[in-house]
Amino acid sequence: MRTYLITGGTDGMGRGLGLHFLGRGDRVVAVASGEAKGRAFLEAAGRLGAADRARFLRADLSTVAGMNAVVAEVAAAEARLDGVVFATQRFQERRTLTADGLEYTFALSYLSRFVIGHGLAGLLDSTSKAAPAAAPAPVVFNLAAPGGFAGRIFWDDVRFEREPYKGMKAATQASRANDLLAVDFPRRHPDSRTTYVVYNPLFVKTAMAEPLKQPKKAVTGVLAALFAQRVEQAIVPMARLVDDPPAERVSAWRRTTRLPLTGADFDPEAADRLHALTEDLVARIGA
């Protein structure tokens, strides 16, 4: 029996993966902000006969305090993790600031992955009296968008205070940040056995379009009905990579196509720069 933490675990692909793992006998800690969807997830787990192996952890992953609370609670409650799956994201059509004063998409889709991933790195490699056997293939699985729409990091304006805001610009900035996070993670934990997978599922039928205004919402819904994969289809290659990640410490995928870790999206110097920028942001929030 393996134990997985899944952010965004009560909706969309996160929920799909969580129920898949529960259905085969694993344990799942699903992290999300909505109480109603959390209850629905636990009810679905119960119908699978997995009520005793499912846990819902309510948290605001748009704030550093909420991210740190997840790290602290999971570290206190779990003896070992086999995998951390990052699936939380929410498209913002208009610029929104978090309680920490950060742009919402950057905080939720990138910073939560940075804080929680580094914060739980030790638990992925740990052994203890409660869990004497180490995880056989510990993995961080980051649902982002490598090899997707082009985008860039606005190094001097990640909050979009001066740069005109567009939802897609914010989303692709977070995606490029996650590419660099993937490259950088093993370098920050050189003695770890954990592998890092950053994965682009392409178009999947989820609730991501909910925040959109009409007519964009209607158009996106029609496109999803015509072209998007169902969650049950989309999670099949994801679960395979979580179960049997590549031997290399980091890999990037667009569905079943492995992507080369070359070019600006995976540049180690840019990864260093982003790590320093992120640590500075977190330090300022915590000051």
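The OG1 atom of Thr10 sits 10.0 Å away from the CG atom of Leu19 when rounded to the nearest 0.5 Å. The CD atom of Gln89 lies 9.0 Å from the OG1 atom of Thr7; values are rounded to the nearest 0.5 Å. Distance CG/Leu143 to OG1/Thr88: 10.5 Å, rounded to 0.5 Å.
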Pairs of donor and acceptor atoms involving the side chains of residues 258-266, under 3.5 Å and at least two apart or interchain, shall be tabulated with distances.
residue : atom : partner : partner atom : Å
Arg258  : NH2  : Glu248  : OE1          : 3.2

Please tabulate, one pair per line, all N/O donor-acceptor pairs under 3.5 Å involving side-chain atoms of residues 71-79, not counting sequence neighbours.
residue : atom : partner : partner atom : Å
Glu73   : OE2  : Arg55   : NH2          : 2.7
Glu78   : OE1  : Arg27   : NH1          : 2.8
Glu78   : OE1  : Arg27   : NH2          : 3.4
Glu78   : OE2  : Arg27   : NH2          : 3.3

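When the salt bridge (Lys or Arg N to Asp or Glu O under 4.0 Å) test is applied to Arg113, no partner is found at least two apart in sequence or on another chain. Partners of Leu42 under the side chain to side chain contact (heavy atoms under 4.5 Å, CB included) rule, at least two apart in sequence or in another chain, are Ala54, Phe56. Under the salt bridge (Lys or Arg N to Asp or Glu O under 4.0 Å) criterion, Asp280 pairs with Arg284, not counting sequence neighbours. Residues passing the side-chain hydrogen bond (donor to acceptor under 3.5 Å, both in side chains) test with His20: none are found, sequence neighbours excluded. Applying the side-chain hydrogen bond (donor to acceptor under 3.5 Å, both in side chains) criterion to Arg58, with sequence neighbours excluded, gives Glu35. When the salt bridge (Lys or Arg N to Asp or Glu O under 4.0 Å) test is applied to Arg240, no partner is found at least two apart in sequence or on another chain. For the side chain to side chain contact (heavy atoms under 4.5 Å, CB included) test, residues two or more places apart in sequence or in another chain that qualify with Ala177 are Tyr110, Ile153, Leu274. For Arg159, there are no salt bridge (Lys or Arg N to Asp or Glu O under 4.0 Å) partners two or more places apart in sequence or in a different chain.
The other residues sharing a hydrophobic cluster with Phe154 are Phe160, Tyr165, where clustering joins ILVMFWY side chains under 4.5 Å apart.
A donor-acceptor contact shorter than 3.5 Å links the side chain of Arg162 to the backbone of Asp156. The backbone N or O of Leu22 lies less than 3.5 Å from a partner atom in the side chain of Arg53, making a donor-acceptor pair. Formation of a donor-acceptor pair under 3.5 Å by the Asp100 side chain with backbone atoms of Val64 is found in this model.
The aromatic rings of Tyr196 and Phe185 sit tilted relative to each other, their planes meeting at an angle between 30° and 60°.
Screening residues 16-26 for salt bridge (Lys or Arg N to Asp or Glu O under 4.0 Å) gives Arg24-Asp26, Arg24-Asp243 as the qualifying pairs, with residues at least two apart or on separate chains.
Classification of Arg187 and Asp272 as a salt-bridged pair holds, one side-chain N sitting under 4.0 Å from a carboxylate O.
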